[in-house]
*Asks:* 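The structure is given below, and queries will be raised subsequently.
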Amino acid sequence: MLSEQEINRRHKREELMRMGIDPYPAELFDVTHTIANIRAAFSDKTTRSPDATDTQGGYQPHLDFSTDPQFNTIRLAGRLMSFRIMGSASFAEMQDATGRLQLYFRRDDLCPSDDKTLYNTVFKKLLDIGDIIGIEGHVFTTLTGELSIHVRSFKLLNKALRPLPVVKEGVNEQGEKETYDAFTDPEQRYRQRYVDLIVNPQVRDVFVKRTKLVNSIRQFLSQRGYLEVETPILQPIHGGAAARPFRTHHNSLDMTLYMRIANELYLKRLIVGGYDGVFEFAKDFRNEGMDRTHNPEFTQVEFYVAYKDYLWMMDTIEEMVEQVALDVAGTTKVTVGNNTIDFKRPWKRLTMFEAIQEYTGVDVSSMDEADLRQLAESRGIRVDSTMGKSKLIDELFGDACEPKLIQPTFITDYPVEMSPLTKKHRSKLGLVERFEAICNGKEIANAYSELNDPIDQRERFEEQLRLAERGDEEAMALDEDFLRALEYGMPPTAGVGLGIDRLAMIMTNQPSIQDVLFFPQMRPEKKVDLSTDVDFIEAGVPAVWVPAVQRLGYLTVDQLRAASPNKLFNDLGGVRKKLKMDAPMPTMIDVRGWTGN
RNA sequence: GAUGCUGUAGCUCAGUUGGUUAGAGCUUCUCACUUUUAAUGAGAAGGCCCUGGGUUCGAGUCCCAGCAGCAUCACCA
């Protein structure tokens with residue numbers, strides 16, 4: 001059911017059409033400037049008024065550029081965000097992709113002849129906040145020194161049928177900026193991201209920064225000669241990570257396919273194929289819990305380089321992320337919550353055992369399972385008998401170390417059981433050549449010297465199969481084709497996966513992954529399957545009474561059938577009065593007929 | 001999955017120990033106004049108080065259940 005304001009706007013749309021104005025014109029509107037263009041061009045002029053700090057714009061008042069060739073014919077297009085109507089002159093604010101600017105409309109400029117319809121009716125009555133228009137005019141500054149466009153003509157480009165939340169900004173008595181009626185409800189912001197983006201400019205900036213971040217990584221890797229590639233999202237065997245997959249079905253092949261949880265095994269096949277370095281910005285899908293740092297689909301860049309090891313990769317990641325910070329934030333220091341994170345090289349490097357020793361004071365490197373379990377229990381970690389040595393170490397690390405690692409830190413040399421795709425450590429028994437980059441208490445990257453011994457790899461997969469048989473839903477599946485590729489020979493390779501969403505959260509200081517995804521996964525909106533007017537008429541309700549019945553909350557014919565006829569009859573009387581209906585009251589017998597009782 | 005907080009007009013939010021017809025600002029509508037700045041002034045409209053039960057003479061308010069969002073935890077990278 002439409003709100004009063006929506007009905008209103010539909011009427012305006014029809015009225016415009018009656019007047020011969022197309023609310024949705026087909027032809028392009030030739031824009032000459034963006035709002036940012038104008039502000040930039042104007043800031044070159046030495047027009048700042050030194051004593052105008054208390055005015056809105058800070059420019060000298062009453063500047064007029066109607067004869068200046070640079071500023072006298074400006075064509076802008078954008079969305080109307082506010083009106084200040086003052087009789088035969090008005091101000092409005094326009095927002096385009098680059099910012100907001102004030103527009104000045106004067107009746108006698110828009111309508112030089114006696115017919116003032118264009119101003120009095122079209123502009124003042126038929127335009128609304130949210131409509132998209134194009135304007136032509138010249139630049140000037142107002143009495144208070146605000147940069148504005150004096151509009152000579154305007155054209156409606158789109159009539160908006162839904163009201164936009166009106167967010168207003170002002171300056172309070174303390175001189176601080178205040179926002180009024182901000183559009184803040186997280187559910188509505190995520191479900192209707194388009195509205196969020198229109199009314200919350202800082203949200204647009206977050207996503208611009210995210211794209212800068214991706215471009216920065218792409219440029220960094222491309223410039224070094226690595227090849228950006230695409231590999232399958234639909235995979236017959238999900239591999240490369242420990243996670244539960246989404247399952248789907250291909251009809252023609254009549255086979256199960258999985259949405260990829262990682263693309264690691266495909267990128268390694270390409271290294272086998274002879275490329276020196278490949279990378280892919282990959283949407284991965286994991287059928288697991290959702291929270292502030294997890295969305296079922298998320299983005300990683302995975303990157304593999306032949307003839308390198310994990311130590312080389314540490315240097316590379318350090319350099320790359322430092323560059324990302326410079327490109328996105330302009331500095332290596334980024335504020336995240338209450339912390340300032342400095343991505344300047346070199347980052348701290350600790351082995352996992354060193355990290356645990358640093359934060360617990362206990363050396364676990366030579367402990368057996370029983371001692372580890374006791375240590376974990378003493379720190380309040382919930383343990384059970386299925387947890388092996390490596391799992392206990394992982395739990396200890398996650399509990400004692402990870403949350404405390406705010407500055408970027410590399411943690412190296414993990415237990416072998418947790419890393420089935422990683423080469424065994426060159427000198428430390430029972431460990432693998434693996435590192436994670438931790439930042440702001442969360443993992444942002446995970447890298448290995450890649451396992452390239454096909455026999456060892458097969459044994460690790462078989463170990464995973466045994467875990468799966470014991471009910472571990474995340475154990476990796478054995479991928480025969482991948483093993484076949486390894487048997488042809490993969491050079492020594494360093495590989496990394498870097499979480500784009502989490503890095504974006506840090507670089508843009510956003511507390512939730514939902515704030516760096518345009519369309520985060522949400523529960524579906526509850527939708528009542530409404531009956532149409534025709535349904536009600538077919539059920540016996542006269543057309544004039546359908547709105548009244550709907551108004552009483554009977555939105556489906558089934559609901560009407562279940563209604564008590566006595567109550568409905570009484571309520572109809574009330575609604576009839578409220579809606580000021582002329583139609584005579586139906587009889588009690590009529591109403592009984594509608595409800596089927 | 002557990003616990004906590006929240007759900008009132010298109011938007012942001014008040015609503016007292018349970019007590020007449022649920023309020024405000026913005027938005028919308030009508031009128032006035034030729035440089036405004038959250039424009040202003042006058043008037044009006046706009047509510048399944050999330051849903052369903054219950055207690056009560058009486059529920060927006062108290063109790064129970066459910067739904068949705070958020071937070072923390074668990075699971076999970």
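A, B, ... follow the sequence lines: proteins, then strands. Residue 1 opens every chain.
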*Asks:* Treat primed atoms plus P, OP1 and OP2 as sugar-phosphate and everything else as base, then score nucleotides 6-12 of chain B 5' to 3': B for base contact with protein heavy atoms under 4.0 Å, S for sugar-phosphate contact only, - for none.
*Replies:* ----BBB

*Asks:* Please name the nucleotide paired to B/C33 by Watson-Crick or G-U wobble geometry with both distances under 3.5 Å, or report none.
*Replies:*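 When the pairing criteria are applied, nothing turns out to pair with B/C33, so the answer is none.
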
*Asks:* Looking for any heavy atom pair under 4.0 Å, which part of the strands does A/R10 touch: base, sugar-phosphate only, or nothing?
*Replies:*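 Touches nothing.
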
*Asks:* Which sits closer to the 5' end of RNA chain B, A/T141 or A/M290, going by the nucleotide each is nearest to?
*Replies:*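 Mapping each residue to its closest nucleotide by heavy atoms, the 5'-most match is A/T141.
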
*Asks:* Under 4.0 Å, heavy atoms only, any strand: does A/Y104 hit a base, just the sugar-phosphate, or nothing?
*Replies:*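 Contact class for A/Y104: base.
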
*Asks:* Check whether the ring centres of A/F42 and A/F71 lie less than 6.0 Å apart, and answer yes or no.
*Replies:*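 Close enough - the centres of the two rings lie under 6.0 Å apart.
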
*Asks:* Just by distance, with hydrogens left out, do A/Y359 and A/D399 show a side-chain donor and acceptor under 3.5 Å apart?
*Replies:*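 Distance-only check fails for A/Y359 and A/D399.
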
*Asks:* For B/C31, does either OP1 or OP2 sit under 4.0 Å from a side-chain N or O belonging to A/K125?
*Replies:*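 Result: yes.
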
*Asks:* Find the partner of B/A44: check Watson-Crick (N1-N3 plus N6-O4 or O6-N4) and G-U wobble (N1-O2, O6-N3) distances, both under 3.5 Å, and reply none if neither fits.
*Replies:*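 The answer is B/U28, by the H-bond criterion.
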
*Asks:* Under 4.0 Å, heavy atoms only, any strand: does A/R244 hit a base, just the sugar-phosphate, or nothing?
*Replies:*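 If one applies the 4.0 Å heavy-atom cut-off, A/R244 turns out to touch nothing in the nucleic acid.
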
*Asks:* Validate the cation-pi geometry between A/R193 and A/F518: distance from NZ or CZ to the six-membered ring centre under 6.0 Å, angle to the ring axis within 45°.
*Replies:*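 Geometry flag: not set, cation outside 6.0 Å or 45°.
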
*Asks:* Side-chain N or O of A/K168 less than 4.0 angstrom from OP1 or OP2 on B/U37?
*Replies:*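 Indeed not, no polar side-chain atom of A/K168 lies that close.
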
*Asks:* With a 4.0 Å cutoff (strictly under), does any side-chain N or O of A/R84 reach OP1 or OP2 of B/U36?
*Replies:*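 Indeed not, no polar side-chain atom of A/R84 lies that close.
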
*Asks:* Ring centroid separation for A/F123 and A/F83, is it under 6.0 angstrom?
*Replies:*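 Yes; A/F83 has its ring centre under 6.0 Å from that of A/F123.
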
*Asks:* Less than 6.0 Å separating the ring centroids of A/F91 and A/Y104?
*Replies:*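 Yes, ring centres under 6.0 Å apart.
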
*Asks:* Applying the Watson-Crick and G-U wobble criteria at under 3.5 Å, what pairs with B/U6? Answer none if nothing qualifies.
*Replies:*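 Checking every strand shown, B/U6 finds its partner in B/A68, with both distances under 3.5 Å.
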
*Asks:* Within the 4.0 Å heavy-atom criterion, would you say A/Q300 contacts the bases, only the backbone, or no part of the nucleic acid?
*Replies:*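 It contacts nothing in the nucleic acid.
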
*Asks:* Can you tell me the Watson-Crick or wobble partner of B/C73, both distances under 3.5 angstrom?
*Replies:*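 The answer is B/G1, by the H-bond criterion.
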
*Asks:* With both distances under 3.5 angstrom, what nucleotide forms a Watson-Crick or G-U wobble pair with B/U61?
*Replies:*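 Base partner found: none.
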
*Asks:* Taking OP1 and OP2 of B/U35, is either one under 4.0 Å from a side-chain nitrogen or oxygen of A/T142?
*Replies:*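 Answer is no, no contact under 4.0 Å.
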
*Asks:* For the side chain of A/E146, starting at C-beta, report the closest nucleotide among B/U35, B/U34, B/U37.
*Replies:*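 When the side chain of A/E146 is considered, B/U37 is the closest of B/U35, B/U34, B/U37.
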
*Asks:* For B/U56, which nucleotide is its Watson-Crick or G-U wobble mate, given both distances must be under 3.5 Å?
*Replies:*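 The base-pairing partner of B/U56, which may sit in any strand shown, does not exist here.
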
*Asks:* For A/D515 and A/Y190, which I'm curious about, is there any donor-acceptor pair between the side chains at under 3.5 Å?
*Replies:*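 There is such a pair between these side chains.
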
*Asks:* Angle between ring planes, A/H150 versus A/H138, binned at 30° and 60°: parallel, tilted or perpendicular?
*Replies:*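 Geometry flag for A/H138 against A/H150: parallel rings.
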
*Asks:* At under 4.0 Å between heavy atoms, what does A/A241 touch on the DNA or RNA strands: base, sugar-phosphate, or nothing?
*Replies:*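 No contact at all - A/A241 keeps every heavy atom at 4.0 Å or more from the nucleic acid.
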
*Asks:* Is there a Watson-Crick or G-U wobble partner for B/U17 with both distances under 3.5 Å, and if so, which one is it?
*Replies:*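 The base-pairing partner of B/U17, which may sit in any strand shown, does not exist here.
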
